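Because the structure is a prediction, the values reported are computed rather than measured.
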Amino acid sequence: MKKSRTVTPPVVVESPRHLPMVDLLVDARTELFELAVRSGLKVLETMLEEDRTAICGPRYAHVADRHASVVRGGRKVRVRRPRVRADGEEVPLPTFRAMADVDPLNRRVVEQMLVGVATRRYARSLEPVPATMRSRGTSKSAVSRRFVTKTAAQLAAWQTASLESLDLVGLLIDGVHIAEHCLIVALGIAADGQKHALGLWDGSTENARVCQDLLANLQSRGLRTDRSLLVILDGSKALRKAVRAIFGDAALVQRCQVHKMRNVLEYLSDRDRPWAQAILRRAYQATDVKKAQHLLLDLARRLEDEYPSAAESVREGFEETLTVQGLGLSERLQRSLTTTNAAESLISRTRHVKRNVKRWRGGKMMLRWVAAGVLEAVKGFRRLKGHRDMPTLVAKLRARDQRLGLTTAEEKVA
């Protein structure tokens with residue numbers, strides 16, 4: 001008797017479909033880039049020839065070895081350029097003048113550097129060009145020179161820009177430490193809630209002289225100091241002194257609540273920090289100023305025996321930490337104006353810009369890099385959270401002007 005057995009059919013593994021055209025396109029990627037570059041340059045040469053013909057008419061011969069450089073894809077490439085002369089002088093070709101401009105190249109260099117491309121790897125970040133095409137402007141030294149030139153021009157333009165057209169109602173000042181330098185950044189808040197980066201100043205520390213020079217620079221550029229302005233500080237005595245010297249009674253100072261809370265909690269042990277932090281948060285979230293004052297003074301009394309330094313920190317300038325809470329603003333706008341978070345966020349966005357710097361070579365270099373980072377961050381600015389309630393803030397500041405006699409004659413007539 002034959003035994004039955006089950007025969008398992010062989011497993012058929014389907015091989016993936018072979019697409020020769022896909023392989024061809026993948027292998028020919030470099031050739032496609034080269035074709036696009038060559039085609040673009042050919043179009044450019046045709047446009048230059050049309051310019052020459054439009055100016056001088058058709059001619060009978062060309063000089064074959066006459067070349068010039070134009071900006072293309074973040075580098076300079078050689079292209080044949082026809083030459084036009086009239087009355088013994090060379091006539092510029094409009095197309096060549098536009099394509100040979102080095103400013104687009106400088107902008108491309110700055111953009112590449114700001115996204116983290118090192119000077120040694122700049123050439124690798126660009127589109128490939130045919131091996132037979134001569135190009136320049138991508139070496140480490142050339143990229144570095146162009147970056148310095150462009151960022152220095154940006155910094156100079158930024159530090160001299162007029163502020164007269166800005167209707168500012170708020171000013172935030174904060175600092176960032178780089179090596180042995182401290183850079184002070186000023187951020188303005190307009191009446192419509194829009195944020196504006198105003199200036200940058202360099203010093204060894206956040207001393208009153210540096211801060212006062214920054215504010216004097218802003219004043220000379222058109223920042224009004226003759227009417228009430230909400231000034232938000234991190235608690236630095238040097239900043240407070242500089243603000244008093246420049247603005248006088250016009251400054252309505254708000255101390256950053258986050259900095260104050262951090263300073264108080266640093267004096268406490270881990271066991272006592274949670275309940276003290278809870279009281280501070282209740283005080284800073286209260287809509288009634290008297291209730292907030294009562295909570296802060298009660299906290300100081302509770303801390304007096306065991307943590308006298310913490311109690312002194314709570315009492316020191318606590319009225320200025322509640323300035324905005326006494327203006328009757330919306331809760332969302334109040335949160336935005338009681339801290340320097342907007343300025344710190346701006347500074348934090350510059351850190352990724354300068355991560356490729358291995359060695360700082362003085363204050364000018366720091367100013368250029370930080371300014372480049374700030375101007376890059378400005379592109380993504382949004383209006384202040386709670387900006388819909390900005391008219392209330394403006395009305396409170398103008399009413400304060402009248403009480404203090406700061407209203408100008410023109411504003412009284414209006």
Side-chain angles (χ1 to χ4, degrees), residues 159 163-164 166-177 182-191 195-263 284 313 315-327 329 334 336-347 374 384 390 393-394 396-401 403-408:
Q159 289 183 327
L163 305 178
E164 294 181 355
L166 299 180
D167 184 16
L168 298 180
V169 296
L171 178 65
L172 292 83
I173 306 176
D174 204 356
V176 55
H177 291 271
C182 179
L183 305 185
I184 311 298
V185 181
L187 179 68
I189 306 297
K195 292 176 284 188
H196 299 273
L198 303 180
L200 183 68
W201 216 254
D202 168 60
S204 58
T205 59
E206 275 188 38
N207 58 61
R209 180 74 265 169
V210 174
C211 303
Q212 191 168 337
D213 287 345
L214 170 60
L215 296 176
N217 173 265
L218 299 179
Q219 183 183 22
S220 66
R221 290 161 51 194
L223 177 64
R224 295 191 60 173
T225 58
D226 59 345
R227 64 178 184 178
S228 295
L229 182 73
L230 180 64
V231 184
I232 308 170
L233 308 175
D234 61 0
S236 169
K237 294 181 179 180
L239 284 174
R240 185 68 182 88
K241 181 179 178 181
V243 168
R244 187 183 302 110
I246 297 296
F247 292 96
D249 294 335
L252 183 61
V253 177
Q254 166 68 45
R255 292 273 295 271
C256 177
Q257 294 178 350
V258 173
H259 282 83
K260 171 59 74 172
M261 185 181 299
R262 189 182 304 156
N263 294 340
Y284 293 147
S313 180
R315 295 191 185 97
E316 190 270 325
F318 80 97
E319 298 92 347
E320 291 184 347
T321 64
L322 306 175
T323 299
V324 171
Q325 289 173 249
L327 297 178
L329 305 178
Q334 179 178 305
S336 300
L337 296 176
T338 52
T339 68
T340 57
N341 286 351
E344 291 185 358
S345 176
L346 173 63
I347 294 174
V374 169
L384 197 71
M390 289 296 292
L393 173 62
V394 176
K396 294 288 186 179
L397 294 177
R398 299 295 80 86
R400 182 176 183 270
D401 290 341
R403 291 197 305 269
L404 298 179
L406 298 176
T407 306
T408 61

Undergrad: Between Lys260 and Ser313, is there a donor-acceptor pair closer than 3.5 Å when you use the side chain of the first and the backbone of the second?
TA: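 A pair under 3.5 Å: yes.
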
Undergrad: Any heavy-atom pair between the side chains of Val185 and Asp174 that's under 4.5 Å?
TA: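 They are not in side-chain contact.
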
Undergrad: Among Leu163, Asn217, Leu214, Leu172, whose side-chain contact (heavy atoms from CB on, under 4.5 Å) with Leu198 holds?
TA: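 Only match with Leu198 under side-chain contact (heavy atoms from CB on, under 4.5 Å): Leu163.
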
Undergrad: Under 4.5 Å between any side-chain heavy atoms of Ile184 and Ile173, yes or no?
TA: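 When only atoms from C-beta onward are counted, Ile173 and Ile184 do touch, with a gap below 4.5 Å.
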
Undergrad: Quick check against the 3.5 Å criterion: does Thr338 have a side-chain atom that pairs as donor or acceptor with the backbone of Gln334?
TA: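 It does hold such a pair.
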
Undergrad: Counting only N and O atoms by type, is there a donor-acceptor contact under 3.5 Å from the side chain of Gln254 to the main-chain atoms of Thr323?
TA: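 The answer is yes, because a donor-acceptor pair under 3.5 Å joins these two groups.
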
Undergrad: Applying salt bridge (charged side-chain N to carboxylate O under 4.0 Å, His left out), can you list everything that pairs with Arg221, at least two apart in sequence or on another chain?
TA: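 In terms of salt bridge (charged side-chain N to carboxylate O under 4.0 Å, His left out), with neighbours along the sequence ignored, Arg221 is linked to no residue.
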
Undergrad: Quick one: do the Asp234 and Thr340 side chains pair a donor with an acceptor below 3.5 Å?
TA: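 Looking only at side-chain atoms, Thr340 and Asp234 do not form any donor-acceptor pair under 3.5 Å.
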
Undergrad: Just wondering, do Arg244 and Gln212 contact through their side chains at under 4.5 Å, heavy atoms?
TA: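 Answer no - side chains too far apart.
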
Undergrad: Check whether any side-chain N or O of Asn263 sits under 3.5 Å from a backbone N or O of His259 as a donor-acceptor pair, and report yes or no.
TA: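 Looks like yes, one N/O pair under 3.5 Å.
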
Undergrad: I'd like to know if Arg240 and Glu320 make a salt bridge, using a cut-off of under 4.0 Å between side-chain N and carboxylate O.
TA: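 Yes, charged N to carboxylate O under 4.0 Å.
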
Undergrad: Hey, does the side chain of Arg262 reach the backbone of Gln257 with a donor-acceptor pair shorter than 3.5 angstrom?
TA: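 Checked: no pair found.
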
